[in-house]
Amino acid sequence: MTLRIYNTLTGKKEDFIPLRENKVGIYACGVTVYDLCHIGHARSSVVFDVIYRYLHYRGYEVTFVRNFTDIDDKIIKRANEEGVDYQVIAGKYIEEFYTDMGGVGLERPTFEPKATDHISGMIDLISILVEKGFAYRKDGDVFFSVEKFKDYGKLSKRNIEEMQAGARVEIDEKKENPLDFALWKSSKPGEPFWDSPWGKGRPGWHIECSVMSQKYLGETFDIHGGGKDLIFPHHENEIAQSEAATGKPFARYWIHNGFVNINREKMSKSLGNILTIKDILKEWHPEVLRLFFLSHHYRSPVDYSEDSLREANTGLDRFYMTLHAIQEELKKPVAPSKKEIDPAAIANCRQAIDSFPSLFEEAMKDDFNTAQALGYFYDLQRNLNSLLDISKGHPTQEIAPMLKQGLDHFSKIGWVFGLFREDPEDYLARQRKNGLKKLNLTEEQILHIIDDRNLARKEKNWKRADEIRNDLLSRGIALEDTPSGTNWKLK
RNA sequence: GGCGGCAUAGCCAAGUGGUAAGGCGACGGUCUGCAAAACCGUUAUUCACCGGUUCAAAUCCGGUUGCCGCCUCCA
């Protein structure tokens, strides 16, 4: 029953015991809004979205915080390039974030604070650090002194000496130690600024997360997460600032998701292989992307390729086809029962359907093993298809409720993954419509061709019928002859 | 240079001490006029390599090789 989580801080899977019974506070580092979100942001967001949903599904009262970094060097740079105020850039990309992440089907967090709304909180926290001697002023800047915080390096498992030895960091003359980091930066002319006890300036990057997480979740809270790259220095610095200021433990469980590579290469601006969420959503259904992510463990790197998304697409289509077939079957009149049905086959299916929720739970409670859980969805699907084969258009009073139960599992438990949210009928119809647009064919044309073929079939002119079918196939349309008529779909 | 991670079938991918989930693909079967879909079956005596611990190892330990990440903004 206990949820186990791999904690970056200890390097082990641990039992998850929330601070307050039945309540969970979780903070996920969001994005810096200076550009469009890419597939890496999508993965991180989906990972924490699913963690949030799962905790909710387990019955916890979850407070989920995801921030926006809306003031930072890159935003200022972008604003200067475009000759607009930094707020214009931040505002624009926050809007894009909502468009894209809405497209991916993310649940809205409980709070979505922006850094610039918490400047005074940051000034307060920095003041405490200065007073307690953890931070020092240098001209208009304030730096955190890593040597003063004895636990510095505990998250990223490094120590100050080692880091200095292999340092590639440019030495900033103002810093007492090259690893010290800015809490407050004095503003250069023309840059946005806020008044502070140290003069006009703006916050350093890390301080915002310390302030916002503590404001919404308390000085000590349950889960803090983000991409693996944030472990150092961002999260290390958050710990230093927060624990130095409060004298209390900061986040208790640290969760970090792995990266997305593109065709086995790291995604980077210099390689020019940044894949935005918009790019992907142009080609693929959002649930294809989610299915792709969730079939890998969240801590492992994933390799994006056209093929891998195509495979996820195939899987999603099949799920929806099964779901649709069940819906159709349930529309048919229910018969008392059939003697020719093998009771053992029914019993097998029933067992599979009944045990699905606990198998799902078993997988997810082990450090959110979504890949394993997805495996159980495939098993469930196979059993439901078996049941449909047995039912053959004549659902009995024992089969129908089982099909219904399967459908409920997909709906209720699928929610945790943000999958199977669409009506299967709509999903399939839209897939067809999109495909037709590409093939430059209309549904009427296809139906007309099918009529012609069925005429030929009636006359047992198999040669003609096969010609027509092959012709359509070569144009990307596959036909399926069923007892209730001929269906078509995209290859 | 320092720190960390990974290596499982043709491909993708779970599995951290008890004898290899699942998906894609391929092949055989049922069904079908033939197909397709669906279902059933087959597809890793074996988990990069070499040693060691153990009754028992893909899983733990040591070494080797290869790949990757972080140490600078980064999800």
Side-chain angles (χ1 to χ4, degrees), chain A residues 8 11-13 28-32 34-35 37-48 69 72-74 77 153 156-159 161-170 179 205 225-234 236 256-261 264-269 274 291-292 295-297 299-303 305 307-308 310-315 318 321-322 325 345 359 363 366-367 369-379 381-390 392 457 460-463 465-466 469-470 473 478-483 486-489 491:
Chain A
T8 309
K12 288 191 293 239
K13 274 189 207 171
C29 284
V31 296
T32 301
Y34 74 105
D35 207 343
C37 288
H38 52 65
I39 185 172
H41 296 117
R43 184 185 191 195
S44 191
S45 303
V46 167
V47 164
F48 288 99
T69 299
D72 130 296
D73 290 348
K74 293 189 294 293
K77 181 166 173 262
S156 53
K157 316 274 190 292
R158 14 183 131 200
N159 63 57
E161 294 74 46
E162 275 169 359
M163 281 190 276
Q164 283 170 334
R168 290 194 280 148
V169 200
E170 276 179 52
L179 295 169
W205 173 33
K228 258 193 165 70
D229 55 320
L230 295 181
I231 295 172
F232 190 89
H234 186 53
E236 194 68 71
H256 293 98
N257 67 274
F259 265 39
V260 180
N261 294 125
R264 311 189 61 81
E265 274 184 326
K266 180 177 167 160
M267 185 166 47
S268 75
K269 296 236 152 128
I274 302 281
L291 188 64
F292 166 64
S295 54
H296 303 73
H297 189 91
R299 280 189 276 121
S300 308
V302 304
D303 188 44
S305 67
D307 281 348
S308 55
R310 192 173 300 119
E311 195 181 298
N313 194 329
T314 304
R318 285 196 61 217
M321 283 192 272
T322 298
L359 289 171
D366 183 15
D367 197 28
N369 194 338
T370 56
Q372 172 82 266
L374 225 31
Y376 295 133
F377 267 109
Y378 283 107
D379 287 340
Q381 172 186 44
R382 208 178 48 244
N383 279 286
L384 289 169
N385 277 330
S386 271
L387 211 49
L388 285 169
D389 266 17
I390 295 169
K392 284 195 195 102
R457 289 176 71 214
K460 298 203 187 298
N461 185 352
W462 307 124
K463 187 165 171 272
D466 291 351
R469 186 171 62 197
N470 288 334
L473 193 63
L479 297 187
E480 294 175 15
D481 297 322
T482 74
T486 300
N487 300 327
W488 65 272
K489 64 172 193 174
K491 196 168 53 171

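Just so we're on the same page: letters track the sequence lines, and every chain starts at 1.
At least one side-chain nitrogen or oxygen of A:S300 sits closer than 4.0 Å to the OP1 or OP2 atom of B:A14. Between A:N487 and B:A36 there is no side-chain N or O to OP1 or OP2 distance below 4.0 Å. Residue A:H296 has a polar side-chain atom (N or O) positioned under 4.0 Å from OP1 or OP2 of B:A13. Dashed line: the shortest gap from a side-chain N or O of A:K13 to OP1 or OP2 of B:U16 is under 4.0 Å. Contact between the side-chain N/O atoms of A:K157 and the OP1/OP2 oxygens of B:C70 is not found at any separation under 4.0 Å.
Nucleotide B:G4 forms a Watson-Crick or G-U wobble pair with B:C68, both donor-acceptor distances falling under 3.5 Å. Pair check for B:A44 finds none; no Watson-Crick or G-U wobble contact set falls under 3.5 Å. Summarising the base pairing, B:C49 is matched to B:G63 through a Watson-Crick or G-U wobble pair whose two defining distances lie under 3.5 Å. Applying the Watson-Crick and G-U wobble criteria (two distances, each under 3.5 Å), B:U30 pairs with B:A38. Partner assigned to B:C24 is B:G10, using Watson-Crick or G-U wobble distances below 3.5 angstrom.
Annotation: of the two residues near RNA chain B, A:D303 and A:R469, the 5′-most nearest-nucleotide partner is A:D303. Map A:R457 and A:H38 each onto its nearest nucleotide of RNA chain B; the residue landing nearer the 5' end is A:R457.
Atom P of B:U59 sits at a distance of 24 Å from the matching atom of B:C68, rounded to the whole Å. With both ends at atom C1', the span from B:C60 to B:G18 equals 14 Å, rounded to whole Å. Look at the C1' atom in both B:C34 and B:C24: the space between them is 26 Å, to the nearest Å. Nucleotides B:A36 and B:A7 are separated by 39 Å at their C1' atoms, to the nearest Å. A distance of about 14 Å separates the P atoms of B:A21 and B:A9, rounded to the whole Å. Only the P atoms considered, B:A26 is 15 Å distant from B:C11, to the nearest whole Å. Of the C1' atoms belonging to B:A58 and B:A44, the separation is 11 Å, rounded to the nearest Å. If you take atom P in B:A37 and the same atom in B:G25, they sit 9 Å apart, rounded to whole Å.
Using a 4.0 Å heavy-atom cutoff across all strands shown, A:G315 reaches no nucleic acid atom at all. Residue A:R43 is out of contact with every strand shown, counting any heavy-atom pair closer than 4.0 Å.
Residue A:Q372 has its side chain nearest to B:A14 when only B:A14, B:A75, B:G69 are considered. Considering only side-chain atoms of A:R158, the nucleotide from B:A75, B:C71, B:U16 that sits closest is B:C71.
Here the C1' atom of nucleotide B:G22 and the CG atom of A:L291 are 12 Å apart, to the nearest Å. Summarising the geometry, the separation between CG on A:L479 and C1' on B:A35 is reported as 10 Å, rounded to the nearest angstrom. Atom CG of A:D366 and atom C1' of B:A21 are 13 Å apart (whole Å). Going from atom CZ of A:F232 over to atom P of B:U72 covers 6 Å, rounded to whole Å.
Stacking of A:Y378 onto the six-membered ring of B:G23 is not present when judged by under 5.5 angstrom between centres and under 30° between planes.
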Any protein N or O atoms within reach of nucleotides 37-39 of chain B? Criterion: under 3.5 Å, listing atom names and distances.
residue	atom	partner	partner atom	Å
B:A38	OP1	A:R318	NE	2.7
B:A38	O3'	A:N385	ND2	3.2
B:A38	O2'	A:D389	OD1	3.1
B:A38	O2'	A:D389	OD2	3.4
B:C39	OP1	A:N385	ND2	3.1
B:C39	O4'	A:D389	OD2	3.1
B:C39	O3'	A:S386	OG	3.2

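One donor-acceptor pair, N or O on each side, does fall under 3.5 Å between the base of B:G33 and the side chain of A:D466.
Of the charged side-chain nitrogens involved, at least one lies within less than 4.0 Å of a carboxylate oxygen, so that A:D366 and A:K13 count as a salt-bridged pair.
The environment of A:K77 atom NZ is sparse: at most 12 non-hydrogen atoms of other residues, nucleotides or ligands sit within 6.0 angstrom.
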